[in-house]
Amino acid sequence: MHFLLYASSLACAIGTSYGQIFVPAEVQQYAMQALDTFSEYVHYDGPSLTEILKPKPTQKVNIAAAADCSYWMESITHQGVAAFNSNPSSYKVFRNVKDFGAKGDGVTDDTAAINSAISSGGRCAPGSCASTTTTPAVVYFPAGTYLVSSSIISYYYTQIIGNPKCMPTLRATSGFTNAAGTIGVIDGDPYGSNGKLQLGGATNVFWRQIRNLIIDTTLVPVSSSISGVHWPTGQATSLQNIVFRMNSAANTQHVGIFIEEGSGGFMNDLVFTGGKLGLNVGNQQFTMRNLTFNGVSTAINQIWDWGWTYQNININNCSVGVDLTSGGASAQTVGSITFFDSSITNTPIGFKTVRDSNSQPNTAGSLILENIKLSNVPTAVQGANGPLLSGVSSISAWGQGHSYTPDGPNQFAGSITANTRPSNLLQSDGKYYQRSKPQYETLPLSSFVSARTLGAKGDGKTDDTSALQGAINQAKSQGKVLFVDHGDYLVTNTIYIPAGSKIVGEAYSVILSSGSYFNDMSNPKPVVQLGKSGEAGSIEWSDMIVSTQGQQKGAVLFEYNLVAPAGTPSGLWDVHSRIGGFAGSNLQNANCPKTPGTTITSSNLNQNCISGYMTMHITKSAAGLYLENVWLWVADHDVEDPALSQITIYAGRGLLDESANGPVWLVGTAVEHHARYEYQFALAKNVFGGQIQTETAYYQPNPNAKIPFPVVNSIYDPTFTPPTVTDNNTAIPAANGWGLRIFNSSSILTYGVGLYSFFDNYSTACSAQGNGTRCQSRILSMEGSSGVSVYNLNTVGTHWPITVDGTDVAKWQDNQDAFVESVALFRV
Ligand SMILES: *[C@@H]1O[C@H](CO)[C@@H](O)[C@H](O)[C@H]1NC(C)=O
Ligand SMILES: *[C@@H]1O[C@H](CO)[C@@H](O)[C@H](O)[C@H]1NC(C)=O
Ligand SMILES: *[C@@H]1O[C@H](CO)[C@@H](O)[C@H](O)[C@H]1NC(C)=O
Ligand SMILES: *[C@@H]1O[C@H](CO)[C@@H](O)[C@H](O)[C@H]1NC(C)=O
Ligand SMILES: *[C@@H]1O[C@H](CO)[C@@H](O)[C@H](O)[C@H]1NC(C)=O
Ligand SMILES: *[C@@H]1O[C@H](CO)[C@@H](O)[C@H](O)[C@H]1NC(C)=O
């Protein structure tokens, strides 16, 4: 396998077209030298590589299809514009590391060149800038092997992208050293001399990616605890398609990914080989899908968390699969883990836990396992005093923690009934359907058209409605992929995306709604309409953001109507919404400062800061929508402000799913700071959600969720009466927005749910650990619904974490897990 990887990156380096080519002598020589270098640590018993590739100078060599490394993103005309940069005409969004002097020849030290590709152009450097959206960058790696001797430092809003067809290798030299404060081959947020992460707090690091790389630390001595990637991060971030090759010699200390804090986030399609720890990770929450660990000592070491969703994980030849013993039985730091559709092979211990009925905190160490195949795993679950589950070849479902089914709490540890999975949510192997973000590496450049080439300006000021619509229509009619070059595309009317469209942005190209068309609260309009009602077919869309500019009282940012055929759902990958808090929004600190000192009513509320009627609407007749890594955010702070000042923006509703039969998949999604609710399922059916995460608006209950958007019955708006409830002689806000409301719905299956209420009128005193008042009374409402299953619910600042048909079912003090309240299993 290692051999094949190298052989194909080599082939990429020496040929650029299909089929038979003549290899010039000097290229052959380079190739042979390179292969000789590789063979030092490639375990390959066949004929010597030099022998294989030793043609006479005129001999034809069949490099075959692998020789074609051409990738559209590398060769397309680079016209990305950072519209709100101080110098948009000269600022470069796209950077090819080779244009900055990186050689990628496996010999030259490329550290400085790569870091210069990232840092040039007055970008948001850790240490001197907390965050900004005005200096986005794509840092592109063509095929090659790039030697690095110290960390590559990734900046805010940076997409590090390798050629997916011929994955480039970032290889740490044997003498690799972490410069002061840095950790890892790629450091996503170094430490300053003050001992703090240098970007504006890990939970505020948004909108960035790394994909298509081989990160190779095999040359680094085993005594080094080098990490492949250091990634303390917030939402709308992703790592995709990365191979971590670690030194596997005895006593290796190598780590694949190190995360110590943040509020993630999503990762998928990662492979780890060798090393001590594949993942060494702590963060509030994360969703990780399709990870493979081969021959790592401990595949996953969980440092701490509230909730973590692991989907389709394959662990082979490790010593321990997942270690959640951090802190020990008396002070567990791992809140909960949900782990499913996975396999573990040739590994003595699957899961290691110290949780039992006496461990502390009370509900920490919650664990749910579902649909796991085991082969040669003597102990599936190891407890503090011996095996809890052993000698099994599969786990239908198993768990430990507190359950409410729907009454509780019941303390449980053992087999549970697996969820009844609706067939339209599944692939043929019985796992939940999954699909990674398409990167279109098999399509030639001629299959792409550029929105900017077709006349859209994306300059944040020109009305691009007709140009962007024209580009979408043209791409669709020609069967091409629309590349929306980085920019801010101002639109004053609905943009319609027909079935069959494939659209890909660049470092999150932005569609910015503006004007009176979207400003009527009694006549809401979609900004982006995905199919007309009843329209059959599906679309693919990735790497973009839908936003609003100024007051937009009637804007529905996404309206999904398509009826996708079975097996071919529409997909949105890294498509986010962002309302306020960024340059160009006209909803920044200067416009919409927080006002906790003033009691806000309908008459004094700042009308200019009402923007967004609803963020995403999946309509009744719609079917087949797959969301992966989608963050629907109403800004709580101004990202451009060095102080990250908090702001108050009013947006009506988060995600409403009314799809009568689904299927809808919410893989790694989050919805934050809307007024009436974050997620609402109304008369909906057949939903997979994991991890789903919310935050209540920080200003609530000043004002509460009832204003400024009046109840609309046709969209099943929740009503809130009375505004407070009293428990133990204390009044608690009862008209804060719902984190999750499930109304007259069925077969809603969630694998990891985090519903957070940190604030009361901008004060966090209410969410302080142990404060029994809490910030809001209720956050999860189940009404008239059945077939609902919630695995690992974690709430913050909530007095009653679960409410069923108006009855409060779970109390916070019964489910304490340090800062959060945790319920491992809830079913109605
Ligand atoms: C999982 O990731 C591998 C690459 O690591 C990829 O080849 C495969 O298609 C992915 N599978 C799924 C189901 O996403
Ligand atoms: C696991 O180890 C076995 C025995 O050494 C080997 O045959 C197999 O290929 C390994 N599996 C993986 C995925 O590395
Ligand atoms: C909000 O909090 C501030 C103190 O931070 C207080 O003065 C004000 O009265 C509060 N307003 C409401 C409506 O709770
Ligand atoms: C009720 O309030 C009192 C006084 O604040 C507090 O000591 C007690 O723990 C509370 N009881 C419950 C069940 O929250
Ligand atoms: C919700 O379900 C209840 C109970 O079945 C029913 O009375 C009510 O009409 C339903 N509401 C809607 C809007 O369908
Ligand atoms: C508990 O939260 C309430 C509501 O926000 C607040 O008034 C109170 O001061 C908090 N108590 C402590 C000890 O922080």
Side-chain angles (χ1 to χ4, degrees), residues 1-5 43-45 243-246 248 270-275 278 290-297 299 313-319 321 342-348 373-377 593-605 620 646 648 656-660 680-685 696-707 711-719 723-724 730-736 741-746 748 757-768 773 775-776 781-788 804-806 828:
M1 179 184 159
H2 299 163
F3 165 68
L4 286 176
L5 282 172
H43 306 293
Y44 173 67
D45 296 331
V243 176
F244 294 85
R245 297 192 61 239
M246 294 175 269
S248 57
L270 309 180
V271 178
F272 302 82
T273 62
N290 191 31
L291 315 186
T292 299
F293 301 84
N294 296 325
V296 188
S297 181
I313 308 298
N314 301 294
I315 296 173
N316 310 299
N317 298 351
C318 298
S319 302
S342 295
S343 69
I344 308 181
T345 306
N346 297 337
T347 295
K373 292 205 169 24
L374 304 166
S375 171
N376 191 22
V377 179
K594 66 173 175 179
T595 55
T598 308
T599 299
I600 302 298
T601 64
S602 332
S603 39
N604 69 356
L605 182 143
K620 279 188 180 57
Q646 292 176 320
T648 297
L656 170 62
D657 174 20
E658 293 187 61
S659 165
Q680 174 168 272
F681 299 92
L683 284 63
K685 206 172 165 185
T696 300
Y698 297 0
Y699 60 80
Q700 288 185 352
N702 178 28
N704 67 25
K706 298 182 189 198
I707 60 172
V711 175
V712 177
N713 290 320
S714 61
I715 51 171
Y716 315 106
D717 267 347
T719 54
T724 58
T730 309
I732 308 160
N736 281 16
R741 179 170 186 250
I742 302 182
F743 170 70
N744 283 17
S745 294
S746 62
I748 313 289
S757 187
F758 294 101
F759 294 88
D760 176 321
N761 182 22
Y762 285 105
S763 162
T764 54
C766 55
S767 57
T773 307
C775 306
Q776 73 184 74
S781 181
M782 205 67 66
E783 298 163 43
S785 296
S786 60
V788 176
V804 178
D805 295 325
V828 291

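Heavy-atom basis, side chains included; hydrogens, waters and symmetry copies ignored. Residues: numbered from 1 along the sequence shown. Keep in mind that what you see is a predicted model, and the values were worked out from it rather than measured. Order of listing sets the numbers, starting from 1, for every ligand and every atom in it.
In this structure, OH on Tyr762 lies 9.5 Å from CG on Asn702, to the nearest 0.5 angstrom.
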**Message:** Apply side chain to side chain contact (heavy atoms under 4.5 Å, CB included) to residues Leu683 and Tyr716 and explain how you reach the verdict.
**Reply:** CA-CA 9 Å; Leu683 284 63; Tyr716 315 106; 3.7 Å; yes

**Request:** Evaluate side chain to side chain contact (heavy atoms under 4.5 Å, CB included) for Tyr699 paired with Lys594, printing each intermediate quantity in order.
**Result:** CA-CA 8 Å; Tyr699 60 80; Lys594 66 173 175 179; over 6 Å; no

**Request:** Please test Phe681 against Phe743 for side chain to side chain contact (heavy atoms under 4.5 Å, CB included), starting from the C-alpha separation and ending with a verdict.
**Result:** CA-CA 6 Å; Phe681 299 92; Phe743 170 70; over 6 Å; no

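Less than 4.0 angstrom separates atom 4 (C) of ligand 3 from none of the non-hydrogen atoms of the protein. Within a 4.0 Å radius of atom 11 (N) of ligand 5, the protein contributes one or more non-hydrogen atoms.
Distances shorter than 4.0 angstrom occur between a heavy atom of Pro596 and an atom of ligand 3.
At least one side-chain heavy atom of Ile313 sits less than 4.5 Å from a side-chain heavy atom of Phe293.
In Lys685, the NZ atom is not crowded: 12 or fewer heavy atoms of neighbouring residues, nucleotides or ligands sit closer than 6.0 Å.
Of all atoms in ligand 5, listed by their number and element, those nearer than 4.0 Å to a heavy atom of Tyr716 are 13 (C). Near Thr599, the atoms of ligand 3 lying under 4.0 angstrom from a non-hydrogen atom of the residue are 13 (C).
Distances between N or O atoms of Asn346 and those of ligand 2 include no value under 3.5 Å. Any N or O atom pair closer than 3.5 Å counts here, and Asn744 shares at least one such pair with ligand 5.
In terms of protein heavy-atom proximity, atom 14 (O) of ligand 3 is nearest to Asn761 ND2, 3.2 Å. Among protein heavy atoms, atom 2 (O) of ligand 2 sits closest to Asn317 ND2, 2.2 Å. For atom 13 (C) of ligand 2, the nearest protein heavy atom (residue, atom name, distance) is Asn294 OD1, 3.3 Å.
Contact between Ser757 and Gln776 at its shortest, heavy atoms only, is OG-OE1, 2.8 Å.
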